[in-house]
S.K.: 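I'd like to ask some things about the structure below.
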Amino acid sequence: MDMQDKEFDELFHSKLDNLEVNPSEQVWTNISGELNSRKRKISLVPLLSIAASVIVLVTAGVIFIPKKIKTDNGPKVKTQVASVTKPAKKNSDPVSTILPVKAQTSQPVTNQQIAASIIPVSRHTNTAAHGNVDNKHSAPVAEQLQPAAVNTDHNQLAAVSEKQEGATSAIVPDNATPIAVKLPDAVSSAITDNPKLAEQSPAADKPETAPAKRKRIRSLGDLINVVVAKVDKRKDKIIEFTDNDDDDESNITGVNLGVIKVKK
Amino acid sequence: MMFLEQKYTTEELITRCKAGERKAQELLYKQYAAKMLGVCNRYATDRMEAEDMLQNGFIKVFQKLADYRGEGSFEGWVRRIMVHSSIEYYRKHHRMMQLVDLEESGTEISVNPLASAKLEAKDLLLLIQQLAPGYRIVFNLYAIEGYSHKEIGEMIGITEGASKSQLSRARSILKEQVAKMEGQKYGYAG
């Protein structure tokens with residue numbers, strides 16, 4: 001009573017076709033792990049492209065910022081210069097009042113003027129210069145000025161150099177040392193700029209830097225926002241990212257190259 | 001496995017899996033894992049190999065899920081992926097398609113249908129697993145999955161004739177083994 005091939009096949013088919021065997025737990029663990037690693041590989045690509053574009057834009061920004069600032073803030077500078085010249089009204093020529101200071105032949109008028117101009121700065125910066133300013137009145141002004149200028153933090157120095165139209169426009173905003181070295185030449189301008197700083201700092205700097213510090217840095221985008229905010233003082237930053245908390249991917253919301261402005 | 005959470009229909013599960021929901025993927029896996037391991041088992045030498053095939057197969061299922069258009073049963077679709085994953089496994093790990101020449105045994109082996117009907121599934125599974133991979137795959141594809149020799153030839157890259165001859169050798173080996181097993185079980189030799 002031999003089985004035909006068909007029957008023989010059917011024997012195996014009927015017994016094995018619907019056979020169920022429970023796999024070990026490890027199988028799902030492996031599958032889940034494999035799916036995770038693939039997901040990570042995929043999500044890394046847009047992140048890298050964002051990082052690359054940020055590097056390009058920041059580099060371009062650092063190169064072009066000094067020029068752009070001049071054109072951007074043209075009217076602003078004028079009003080500030082106008083207000084600066086006001087306290088110097090007593091002296092017919094602002095430069096002449098400052099030159100003696102530099103030469104340490106201090107006159108009472110200029111001393112007051114300089115002291116007045118320094119105090120707002122030191123108040124704002126909260127550095128050691130604060131104490132110096134209170135004690136000094138007839139002390140060598142030029143010497144006092146130098147620490148005061150150095151002590152003002154980078155942001156303000158950057159702001160100063162950006163606003164100047166003349167000699168100091170060549171100074172790189174990020175770098176404090178060239179300014180310190182150039183002081184003999186720059187003292188005059190630095191002094192006249194101090195009131196400018198005092199006016200400008202609370203108005204322009206604070207609203208931007210303060211919220212940036214309060215926020216926690218959660219993503220690459222946040223980090224870049226903070227760094228850019230340090231360097232770029234404009235309202236529209238050279239590059240801005242989303243400050244969305246629930247989104248773990250950073251998206252560019254604004255680009256400002258001076259000529260080209262894009263903002264979402 | 002059948003009394004698993006039936007909160008979602010298969011269609012809902014598929015939609016959620018396509019969206020990349022890990023929980024849905026796990027539910028889908030749990031719904032089909034036992035059945036599919038049953039399939040992979042027939043193509044494997046042992047349980048470990050079968051679980052490797054199952055793992056590779058399910059990763060492919062999740063990758064290709066976007067291509068599933070709802071034509072035909074979803075289980076059939078998953079099953080086809082498992083079969084291909086099993087064949088692929090051998091392509092990678094063995095030079096499986098080489099024919100293993102056997103001594104032709106001149107005598108026809110007779111199998112008692114009544115006795116063989118009492119053979120348990122796990123016994124038959126063991127017999128299949130002991131076949132050389134080339135025979136095992138052809139026998140599975142033809143006798144259990146129901147593919148034609150032409151389809152089998154295309155699937156594993158051999159000629160239609162080679163598929164036929166591998167099938168008949170697989171059968172004769174299995175018949176021999178079934179007869180032996182019946183003899184051991186019921187005390188008489190076929």
Side-chain angles (χ1 to χ4, degrees), chain A residues 1-52 218-222 241-253, chain B residues 1-2 20 22 25-26 29-30 32-42 47-48 50-59 61-63 79 108-117 119-125 127-128 139-140 142-146 167-168 170-172 174-175 178 190:
Chain A
M1 218 175 158
D2 275 7
M3 280 175 102
Q4 296 301 306
D5 285 348
K6 244 191 176 169
E7 288 173 78
F8 184 78
D9 289 355
E10 181 51 34
L11 170 71
F12 279 80
H13 181 269
S14 62
K15 297 256 173 174
L16 297 179
D17 193 33
N18 294 311
L19 192 66
E20 292 191 14
V21 187
N22 282 324
S24 62
E25 292 291 315
Q26 189 59 37
V27 177
W28 171 248
T29 312
N30 292 345
I31 292 170
S32 174
E34 182 86 0
L35 291 172
N36 278 337
S37 72
R38 275 162 207 262
K39 213 176 177 185
R40 237 175 279 129
K41 266 179 224 160
I42 291 163
S43 65
L44 207 66
V45 176
L47 200 71
L48 283 176
S49 67
I50 287 175
R218 292 188 192 80
S219 65
L220 185 68
D222 284 348
F241 284 85
T242 42
D243 40 13
N244 231 355
D245 293 349
D246 46 26
D247 197 7
D248 46 342
E249 266 187 45
S250 300
N251 294 313
I252 298 172
T253 54
Chain B
M1 291 319 272
M2 294 274 81
R22 185 52 41 86
Q25 288 173 336
E26 189 174 355
Y29 166 80
K30 282 184 172 162
Y32 293 102
K35 235 175 228 176
M36 295 309 149
L37 187 57
V39 173
C40 293
N41 248 337
R42 289 188 275 110
R47 175 75 175 267
M48 258 179 61
E51 291 198 342
D52 276 355
M53 292 168 176
L54 183 75
Q55 184 180 319
N56 295 340
F58 262 105
I59 288 165
V61 165
F62 291 127
Q63 285 171 345
R79 192 186 172 110
E108 260 297 302
I109 297 155
S110 67
V111 177
N112 185 327
L114 283 175
S116 63
L119 285 172
E120 287 179 47
K122 65 175 168 67
D123 298 323
L124 296 180
L125 181 64
L127 293 183
I128 287 184
F139 183 79
N140 263 310
Y142 186 90
I144 301 176
E145 253 73 59
L167 176 71
S168 80
R171 265 199 207 118
S172 70
L174 284 173
K175 279 180 181 173
V178 167

S.K.: With a 4.5 Å limit on heavy-atom distance, are the side chains of B/Gln55 and A/Thr29 in contact?
M.R.: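 With C-beta onward as the side chain, the pair stays apart.
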S.K.: Examine whether an atom of A/Ser14 lies under 4.5 Å from a heavy atom of chain B, and if so say whether it belongs to the side chain, the backbone or both; otherwise answer neither.
M.R.: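 Contact with chain B: none, neither part.
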S.K.: Looking at A/Glu25, I'd like to know if its CD atom is crowded, meaning that more than 12 non-hydrogen atoms belonging to other residues, nucleotides or ligands lie closer than 6.0 Å.
M.R.: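 At most 12 heavy atoms, drawn from other residues, nucleotides or ligands, come within 6.0 Å of this atom.
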S.K.: Considering non-hydrogen atoms only, spot the tightest contact between A/Pro23 and B/Ala33 and give its length.
M.R.: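 Residues A/Pro23 and B/Ala33, closest heavy atoms: CG-CB, 3.7 Å.
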S.K.: How long is the span from the CZ atom in B/Phe62 to the OG atom in A/Ser32, to the nearest 0.5 Å?
M.R.: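 Going from the CZ atom of B/Phe62 to the OG atom of A/Ser32 covers 9.5 Å.
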S.K.: Heavy-atom cut-off 4.5 Å, strictly under: side chain, backbone, both or neither for B/Gln63 against chain A?
M.R.: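 Just its side chain gets close to chain A.
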S.K.: Between A/Val27, A/Asn30, A/Val21, which shows the greatest number of heavy-atom pairs under 4.5 Å with chain B?
M.R.: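 Highest number of pairs under 4.5 Å: A/Val21.
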S.K.: Quick one: pull up CG in A/Leu16 and CD1 in B/Ile144 and give me the separation to the nearest 0.5 Å.
M.R.: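 Going from the CG atom of A/Leu16 to the CD1 atom of B/Ile144 covers 4.5 Å.
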S.K.: Which one wins on heavy-atom pair count under 4.5 Å against chain A: B/Glu51, B/Arg42, B/Met36, B/Arg171?
M.R.: B/Arg171
S.K.: State, yes or no, whether a side-chain contact exists between B/Asn41 and A/Leu19 at a heavy-atom distance under 4.5 Å.
M.R.: no
S.K.: I need the A/Leu11 CG to B/Lys175 NZ distance, nearest 0.5 Å.
M.R.: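 Rounded to the nearest 0.5 Å, the CG-NZ separation comes to 11.0 Å.
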S.K.: Under 4.5 Å between any side-chain heavy atoms of B/Val178 and A/Phe12, yes or no?
M.R.: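 Yes, at least one pair of side-chain atoms sits under 4.5 Å.
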S.K.: Could you look at B/Arg22 and say if it's the side chain, the backbone, both or neither that has a heavy atom under 4.5 Å from chain A?
M.R.: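 Its backbone and side chain both get close to chain A.
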S.K.: Run the salt bridge (Lys or Arg N to Asp or Glu O under 4.0 Å) test against A/Glu34 and tell me which residues pass, sequence neighbours left out.
M.R.: A/Arg38
S.K.: If you compare all heavy atoms of B/Tyr29 against all heavy atoms of A/Ser24, which two are closest, and at what distance to 0.1 Å?
M.R.: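 It is OH-O, 4.4 Å.
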S.K.: First locate atom CG of B/Leu37, then atom CG of A/Asn22, and finally report the distance between them rounded to the nearest 0.5 Å.
M.R.: 8.0 Å
S.K.: Should we count OH of B/Tyr142 as having more than 12 external heavy atoms under 6.0 Å?
M.R.: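 Incorrect, the count does not exceed 12.
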